[in-house]
Amino acid sequence: MKPNNRGLLWVDKYRPGTLDEMDFHLELKERLEGMAQRADIPHLLFHGPPGSGKRTRVSCLLRLIYGPAAEKLKVEHRSFKVGDPPKEIEMTILSSIHHIEANPSDAGFSDRLIVQELIKEIASNAPLDVTAVRVPFKVIVLHEVDSLSRTAQQALRRTMEKYSRTCRLILMADSLTKIIEPLRSRCNLVRVPSPSEKEICDVLQKVSKEEGFELPDQFAVKVTKACSRNLRRGLLQLQSSKMDNYPFAEDQPVSRADWELVCIDIASLLMREQSNKRLLLVRTRFYELLTHAIPADAIFESVTMELLRSADQEIAPAICECAAEYEHRLRQGQKAIIHLEAFAARFMQIYKEYIDNQYSMLIDDD
Amino acid sequence: MDIGDRASVLSTPWVEKYRPVKIKDVAHQTEVVAALEQAVERGGGNLPHLLFYGPPGTGKTSLALALVREIFPKEILSQRVLELNASDERGIRVVREKIKGFAQGAVGQAKVKDGKTIPSFKVIILDEADAVTGEAQTALRRTMETYSTVTRFVLICNYISRIIAPLASRCAKFRFQPLPTEVSFNRLSMICKSEQVTASEDLLKLIITRTNGDLRKALMTLQSASRMVPHGSEIGDKEIALASGEVPQELLERFRSAMFADSSFENVQSVVDDVVLGGYPADGLLHQLCDLLVEEDYAELDELQKSALIMKMARAESCLADGASERLQLLDVGARGMYISKSRENSSSLFKV
């Protein structure tokens, strides 16, 4: 281990640098190797949940195609002059001599212009002598394509085809659903599923061995359960749990992110009492989360999951229905707090009705 | 062909490599092909404005490109044809300046060269025209008429309903049909032969049914699958399933039985978890489930219950298209499906929204 690696997070420190170091998805590894060998990779679309290892696989693939030169990355802040009338947009771009990485959804509603500008620029700098290089094209890696606007995705369609001689796109997205069909059909889909609980457990054990500390199986399982099959989250949780208390105590809770704790708290507040006062209290909690820049959809999911865990199965359909409805409205609306609050109020109503019914049935039986 | 060319041919997608070059090469769309061939034979002089519409992968763009290639000789192609697609700037200013500017320019008299008449007009191809704003479409109306002597438009879109009526009525409209199985099959097996890919007949048919007549998608699937196996060996079902990105049958079956047979919310939750964490697309799951429900009969569901469930799925699909959370929508569908399959007698409550 190089000495300058000491201060790194484990997530970065133990990120595999080559495909051979991969711990899971071995079938996928073979597929990527096959692609790199033939040197005629198509446009690729990596999709899979967060923390499943998409980015790691992409950088390994690039290394396999271009060799070590693909790892010499340079960070630039570039400003693009795009649009009509022209305006300046700042973008952070990672690049090596062979490829370029960007997250165009950062540009907000100018994302379409950025996408077009980037591709045109890269594609027009084609290598002069295609016989000299093994791979006659450059690669553009675009992150979070699922949060690109529809128009930006539309813009990619034909641009991809037009410049396919000189550049290849590697797109990355959490879910295919938010990507328009024409774009999906132009790419080779690479599904990266979340690692299984066992695989995560194995990785945690491996890291503990390399770091040289004791990780009881029981605690490893606990971390695995808490991270919902997100390896990145699992490693972070393990590292911060170790900071909290080491050696691990038997009943030590897994260290969780603060916002998750608040979500759990909100759920239990909602379950325990249904009143106006309680709603106000919950509202302040929601505000707290939102002001800390926690995305509203994450709050929605985590509160709903928590409610489903503790509420009776009988009202689960009703909870799902109202969660799905208000989360959908959140996408169309502007102010997240209103929809979160509406959800909380509606849940209280559902729950109270249910409890009252149960209660009156009990009395009738007597 | 020199080596440089070979390198770039090697890496072109088959979709581009086998794009039809001549009008008559475009598969299946007999009506429009015949009409255009006739127009070209007569020197192209009486070509109207054209509007091509139809599902993706049926040859609209290919036909438009083939048309201009046949009308104009290669040397003047770039002077006479302007191709604009959704990738280009297409707001109202572009329509007013770029398109109008191009449309205004005069061209020489029709002349005969190498026995072929070169007509005296230019062509503007507006690909993906349904993505042009309504405002810009309105601005196009007059331009189309005023310069119709020197410029012809070819509009291409998936949904004719997104083209404003005044624009649509100015064009000769051609609907592109989804390709029937045997046409796609012939194309695919021809390409298999020239790329030296081994695939059984059944497999090609499987690809075609899975892609619903979208030839581009079928070709992409075939090409991605062919990269997964060593050169020369046969492609199997597994590769196709991987390449097309569909949800495996086993998962569908589990979702279905969690809803109807076991009716346990816990099972629904665990299947939804597996779908979302497995990286499968939720809308794909809904589409495949819908196909399954329509095609097969289930003892657990009568027709009314089926329709109620499909209505719920349709709502969820539209929410997903708006960007709603996959997990919550699938849970909602699952929970509703449980409720529907249980309430057999009480049919009036099924459609309660």
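Scope of the values below: all heavy atoms of this structure, side chains included, with no hydrogens, waters or symmetry mates. Numbered from 1 within each chain, the chains take letters A, B, ... in sequence-line order.
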> Can you name the nearest heavy-atom pair linking B/Ala335 to A/Pro317, along with the distance?
CB-CA, 3.4 Å
> Quick check on A/Leu45 against chain B: is it the side chain, the backbone, both or neither that has a heavy atom closer than 4.5 Å?
neither
> Could you check if a side-chain atom of B/Lys312 sits within less than 4.5 angstrom of a side-chain atom of A/Glu321, using non-hydrogen atoms only?
yes
> Less than 4.0 Å between a side-chain N and a carboxylate O, is that true for A/Lys178 and B/Asp283?
no
> Strictly less than 4.5 Å between heavy atoms, which residues of residues 320-329 of chain B line up against chain A? Please order them by number.
B/Leu320, B/Ala321, B/Asp322, B/Gly323, B/Ala324, B/Ser325, B/Glu326, B/Arg327, B/Leu328, B/Gln329
> Applying the side-chain contact (heavy atoms from CB on, under 4.5 Å) criterion to B/Lys217, which one of A/Arg184, A/Glu181, A/Arg186 satisfies it?
A/Glu181
> Could you measure the distance from the CD atom of A/Glu327 to the SG atom of B/Cys319? Nearest 0.5 Å is fine.
9.0 Å
> Which region of A/Cys187, side chain (C-beta onward) or backbone (N, CA, C, O), has a non-hydrogen atom less than 4.5 Å from a non-hydrogen atom of chain B, or is it both or neither?
backbone
> Hey, which of A/Gln332, A/Gln313, A/Arg150, A/His47 has the most heavy atom pairs under 4.5 Å with chain B?
A/Gln313
> Who among A/His43, A/Met305, A/Arg329, A/Glu325 has the most heavy-atom pairs with chain B under 4.5 Å?
A/Met305
> With a 4.5 angstrom heavy-atom cut-off, is it the side chain or the backbone of A/Thr177 that approaches chain B, or both, or neither?
both
> Applying side-chain contact (heavy atoms from CB on, under 4.5 Å) to A/Arg229 and B/Asp274, what does each step give before you reach the verdict?
CA-CA 10 Å; A/Arg229 288 170 66 189; B/Asp274 285 348; 3.5 Å; yes
> Taking atom CD of A/Glu33 as the centre, does the number of heavy atoms from other residues, nucleotides or ligands within less than 6.0 Å exceed 12?
yes
> If we only count heavy atoms from C-beta on, is the A/Leu308 to B/Phe265 side-chain gap below 4.5 Å?
yes
> Which bit of A/Ser228 comes within less than 4.5 Å of chain B, counting heavy atoms only: side chain, backbone, both or neither?
backbone
> Is it the case that more than 12 heavy atoms not belonging to A/Arg31 sit under 6.0 Å from its CZ atom?
yes
> Can you say whether A/Gln153 sits under 4.5 Å from chain B via the side chain, the backbone, both, or neither, judging by heavy atoms?
neither
> How many angstroms lie between atom CG of B/Leu277 and atom CG of A/Asn230, to the nearest 0.5 angstrom?
9.0 Å
> Please state whether the side chain, the backbone, both or neither of B/Glu266 comes within less than 4.5 Å of a heavy atom of chain A.
both
